[in-house]
Amino acid sequence: FDEPATETRTFMLMPIEGDNIAIQVMPEAVVLFIDFIESTVATGDFADLAIEQSVDIFGAWNVDSTFQATEILVDGPLPSP
């Protein structure tokens with residue numbers, strides 16, 4: 001098993017409308033891949049996130065206008081290794 005991340009990771013989110021948003025993913029963040037076609041849910045991590053994925057992000061705004069994510073739900077299956 002890989003060691004869990006111990007630092008905050010950051011990526012840019014490009015919403016359908018509005019400005020890009022800086023997202024900070026906390027080390028303890030939960031990343032779930034929800035495959036509605038196969039009716040499955042799998043746990044992933046930051047390394048499984050990719051361009052063009054549709055995501056819902058839950059967390060709180062920081063004072064520096066970044067969003068601190070504690071939960072990320074990805075629409076689709078966990079990518080194959």
Side-chain angles (χ1 to χ4, degrees):
F1 292 97
D2 292 333
E3 291 293 320
T6 57
E7 61 187 46
T8 301
R9 304 199 183 175
T10 303
F11 68 95
M12 293 301 291
L13 179 67
M14 295 176 283
I16 294 171
E17 295 182 14
D19 296 330
N20 294 347
I21 302 168
I23 307 292
Q24 293 180 331
V25 181
M26 304 310 296
E28 65 276 5
V30 175
V31 180
L32 294 177
F33 287 80
I34 303 170
D35 186 344
F36 292 100
I37 295 171
E38 298 294 327
S39 296
T40 60
V41 175
T43 303
D45 60 25
F46 184 87
D48 297 315
L49 299 174
I51 294 172
E52 301 293 326
Q53 289 173 325
S54 177
V55 298
D56 290 308
I57 300 174
F58 299 88
W61 287 102
N62 287 326
V63 294
D64 64 356
S65 297
T66 59
F67 190 82
Q68 190 174 38
T70 55
E71 297 175 8
I72 300 173
L73 305 180
V74 183
D75 183 7
L78 182 66
S80 299

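Applying the under-4.5 Å side-chain rule to Ile, Leu, Val, Met, Phe, Trp and Tyr, the cluster around Val30 extends to Leu32, Ile34, Phe36, Val41, Phe58, Leu73. Membership of an apolar cluster is not assigned to Val63, as no side-chain contact below 4.5 Å to another ILVMFWY residue is traced.
Residues Phe46 and Val31 have side chains not in contact (no heavy-atom distance under 4.5 Å, counting atoms from C-beta outward).
Ile37 and Val55 fall into different hydrophobic clusters, where Ile, Leu, Val, Met, Phe, Trp and Tyr side chains are chained together by heavy-atom contacts under 4.5 Å.
Going from atom CG of Asp48 over to atom CD of Gln53 covers 8.0 Å, rounded to the nearest 0.5 Å. In this structure, Thr43 OG1 and Phe33 CZ are separated by 10.0 Å, a value rounded to the nearest 0.5 Å.
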For a quick test of your reading: what N or O donor-acceptor pairs under 3.5 Å do the side chains of residues 18-27 make, sequence neighbours left out?
residue: Gln24; atom: OE1; partner: Asn62; partner atom: ND2; Å: 2.8

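No donor-acceptor distance shorter than 3.5 angstrom exists from the side chain of Glu38 to the backbone of Asp35, with no hydrogens or angles considered.
Shortest non-hydrogen contact noted between Ala69 and Ala29 is O-CB, 3.8 Å.
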